Amino acid sequence: MRSRMIAGNWKMNKTYDEAVELATGLADELKDGTGSVDVVVCPPAVDLKGVAEVIEQKKAPFALGAQDVYWEESGAYTGETAPNMLTNIGAKYCIIGHSERRGYFHETDEDVNRKAKALLAHNIIPINCCGESLEVREAGKHVSFVVEQIKKDTDGIELKDPNQYVIAYEPIWAIGTGKTATADDAQEVCGAIRETLASLFGKDLADTIRVLYGGSAKPDNIAGFLTEEDVDGALVGGASLKADSFAAMVKAAMN
Ligand code: 13P
């Protein structure tokens, strides 16, 4: 059985002090533990160390994730963050291929693939985002579009353990718009992602890799997504910026 995962993508929100405050609040909200639910928070890069310290000091039941990485080991890449820098401050996960990075920063599937390989080489778990635009969905091509993204993003990757990789299906038209996909929409694509993973990595691995939904997921709609067979949790943007709403989503996933 797959254990559920609720991950928070704080995006470009929270100064260092605010991030420490949010992580502290979340540790308090979740002080009784999260059962079998894996919880991850992904603050901005400059906040990572502060959140790592909160996790350590409060023995918080959540793991640290970054929002991006560069694939080179070190060197003259101004502004970038290397995988071993993430490992060194305690990051266990890293989001790659978010539609905001693909859209605003022209990240390609080839870039995402390089990042995935670099992370795996450093034992950091990629949270590989994928998802279609409204235009692609209206043309009825969303399933094939997402399947192609996943194939390109994971090209040449060999997985030994299903816990080494997480996929997040985030339809672009549902991100930050308040417009959620229906649970059926999410299942249609998450199911196709799992079939693709089975063709790439074998059925046993695919059956245990977590596939998350993201896009205006909130405390009052999370339960609907979690009833779907191939939706194993959520990657949460806006609703992860307040300790009480994010904790409510974790608690919903514990039921
Ligand atoms: P929202 O939950 O704000 O729609 O963001 C989703 C997202 O992009 C998470 O990565």
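The figures here come from the full heavy-atom set of this structure, side chains too, leaving out hydrogens, waters and symmetry mates. Every value quoted in this text rests on a predicted model; they were computed, and no experiment measured them. For ligands, and for the atoms within them, numbers begin at 1 and follow the listed sequence.
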Any side-chain donor paired with an acceptor under 3.5 Å for Y169 and E132? yes
Whether Y77 and Y70 hold their rings parallel, tilted or perpendicular, with breakpoints at 30° and 60°: tilted
Under a 4.0 Å N-O cut-off, is there an ion pair linking K151 with D109? no
A student checking ligand 1 against E170 at a 4.0 Å heavy-atom cut-off should list atoms 6 (C), 7 (C), 8 (O), 9 (C), 10 (O)
Looking at ligand 1, does A239 have a heavy atom less than 4.0 Å from it? no
Look only at the side chain of Q164 and the backbone of D161, and say whether a donor-acceptor pair between them is shorter than 3.5 Å. yes
So for G214, does at least one of its heavy atoms come nearer than 4.0 angstrom to any atom of ligand 1? no
Considering non-hydrogen atoms of the protein only, which is the closest contact for atom 5 (O) of ligand 1, and what is the distance? K11 NZ, 3.2 Å
G215 heavy atoms, cut-off 4.0 Å: which ligand 1 atoms fall inside? 4 (O), 6 (C)
Report yes if the side chains of D68 and H98 come closer than 4.5 Å at any heavy-atom pair, otherwise no. no
So, are K115 and D153 salt-bridged, with charged N and O less than 4.0 Å apart? no
Contact (N/O only, under 3.5 Å) between T177 and ligand 1: no
Answer yes when R194 and D230 have at least one side-chain N-carboxylate O distance shorter than 4.0 Å, and no when they do not. yes
Examine the proximity of ligand 1 to H98 and report which part, side chain or backbone, both or neither, has a heavy atom under 4.0 Å away. side chain
The atoms of ligand 1 lying under 4.0 Å from a heavy atom of S216, numbered in the order shown, are 1 (P), 2 (O), 4 (O)
Geometry only, no angles: is G176 polar-contacting ligand 1 at N/O separations under 3.5 Å? yes
Can you confirm, on distance only, whether ligand 1 has an N/O atom lying under 3.5 Å from any N/O atom belonging to I175? no
Which ligand 1 atoms does L235 reach within 4.0 Å, using its non-hydrogen atoms? 9 (C), 10 (O)
Should the pair R114-D111 be classified as a salt bridge under the 4.0 Å nitrogen-to-oxygen rule? yes
Does a donor on one side chain and an acceptor on the other come within less than 3.5 Å for E188 and H142? yes
Under a 4.0 Å N-O cut-off, is there an ion pair linking K11 with D47? no
Give a yes/no verdict on whether any heavy atom in K218 is under 4.0 Å from an atom of ligand 1. no
How does N9 reach ligand 1, if at all, at less than 4.0 Å between non-hydrogen atoms: by side chain, backbone, both, or neither? side chain
Give the atom numbers and elements of ligand 1 that come within less than 4.0 Å of a heavy atom of G238. 1 (P), 2 (O), 3 (O)
Considering both backbone and side-chain atoms of G237, is one of its nitrogen or oxygen atoms within less than 3.5 Å of a nitrogen or oxygen in ligand 1? yes
